[in-house]
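Comments concern the structure below.
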Amino acid sequence: MDQAKPEKPVDIRTAFELWCAVAVLGVFASIALVFVTLGDRAAYTEELTRRLNEMDPSGAATVDISLAFNLGLAIAGLFGVAIAVLVYFLARQLRAGKGWARLLLTGATAFVVVSAISSFAAERQSGIAPMALAILMILQAVLAVGATVLSHRRDASVYLAKRPTP
């Protein structure tokens with residue numbers, strides 16, 4: 001006898017959609033972060049040069065600061081996209097009924113909320129990119145909290161606790 005798959009609760013479907021929105025906003029936040037950092041490029045490269053000179057006062061170390069800065073930005077942008085892909089993967093697993101995905105996404109929610117709160121304590125920069133980054137981080141936090149709350153409701157918990165019979 002074929003056992004029909006249990007119907008996905010509305011809470012799980014909605015949590016999946018919210019997590020997908022969090023992932024998309026994460027990509028846009030990574031792009032905004034790159035632009036924010038580019039906007040303050042002179043200060044960053046000056047600080048990198050100063051620290052390099054402190055580590056090696058003889059000047060024997062030669063590093064192309066601009067290349068290192070650009071490489072670091074590229075890596076940061078790719079890391080942000082990779083995290084967004086991971087969040088999407090976990091959201092798909094949550095939708096498929098995997099309880100471990102809910103656990104990991106709950107931890108991700110804590111990280112997103114702490115990041116959004118800490119962005120308020122950071123030094124304020126002027127311009128559209130820093131403002132866009134702050135808005136994206138706040139939206140991500142709100143959506144992640146909503147998705148987490150939905151995934152911990154009774155119907156969702158029952159759905160995630162069901163084990164397929166062998």
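Source: prediction; values computed, not measured.
The neighbour count for F69 CZ, taken as heavy atoms of other residues, nucleotides or ligands under 6.0 Å away, is above 12. Residue E46 qualifies as open at atom CD: its count of foreign heavy atoms under 6.0 Å is 12 or below.
Across every non-hydrogen atom of Q93 and W100, the tightest pair is CG-CH2, 3.7 Å. Taking each heavy atom of L139 and L25 in turn, the nearest pair found is CB-CD1, 3.8 Å. Between A156 and I12, the closest heavy-atom pair is CB-CD1, 3.6 Å. Annotation for R102 and S151: closest pair NH1-O, 2.9 Å, computed over non-hydrogen atoms. The nearest pair of heavy atoms linking A15 to L94 is CB-CD2, 4.2 Å. Summarising the geometry of S30 relative to G80, their closest heavy-atom pair is OG-CA, 3.1 Å, with the distance given to 0.1 Å.
With respect to R51 and E54, no salt bridge is recorded, no charged nitrogen being found less than 4.0 Å from a carboxylate O. Note on E7 versus R13: salt bridge recorded, some NZ/NE/NH1/NH2 to OD/OE distance being below 4.0 Å.
V112 and L90 are not part of a single hydrophobic cluster, where members link through side-chain heavy atoms under 4.5 Å apart. Grouping the Ile, Leu, Val, Met, Phe, Trp and Tyr side chains by contacts below 4.5 angstrom, directly or via other members, places F16 apart from L104. Residues L18 and L103 are members of separate hydrophobic clusters, defined by side-chain heavy-atom contacts under 4.5 angstrom among Ile, Leu, Val, Met, Phe, Trp and Tyr. Placement of V145 and F111 in two distinct hydrophobic clusters is found when ILVMFWY residues are connected by side-chain heavy-atom separations under 4.5 Å, directly or transitively. Residue L78 is not grouped with residue L71 when hydrophobic side chains (ILVMFWY) are merged at heavy-atom distances under 4.5 angstrom, including chains of intermediate members.
Side chains of N70 and R41 form a contact here, defined as non-hydrogen atoms less than 4.5 Å apart. In this structure, F35 and L133 have side chains that are not in contact, with every pair of non-hydrogen atoms separated by 4.5 Å or more.
Counting only distance, with no hydrogens or angles, the side chain of Y88 and the backbone of V22 share no donor-acceptor pair below 3.5 Å.
With W19 as the partner, the side-chain contact (heavy atoms from CB on, under 4.5 Å) test is satisfied by one option alone out of L150, T14, T109: T109.
In this structure, CD1 on I138 lies 12.0 Å from CG on L143, to the nearest 0.5 angstrom.
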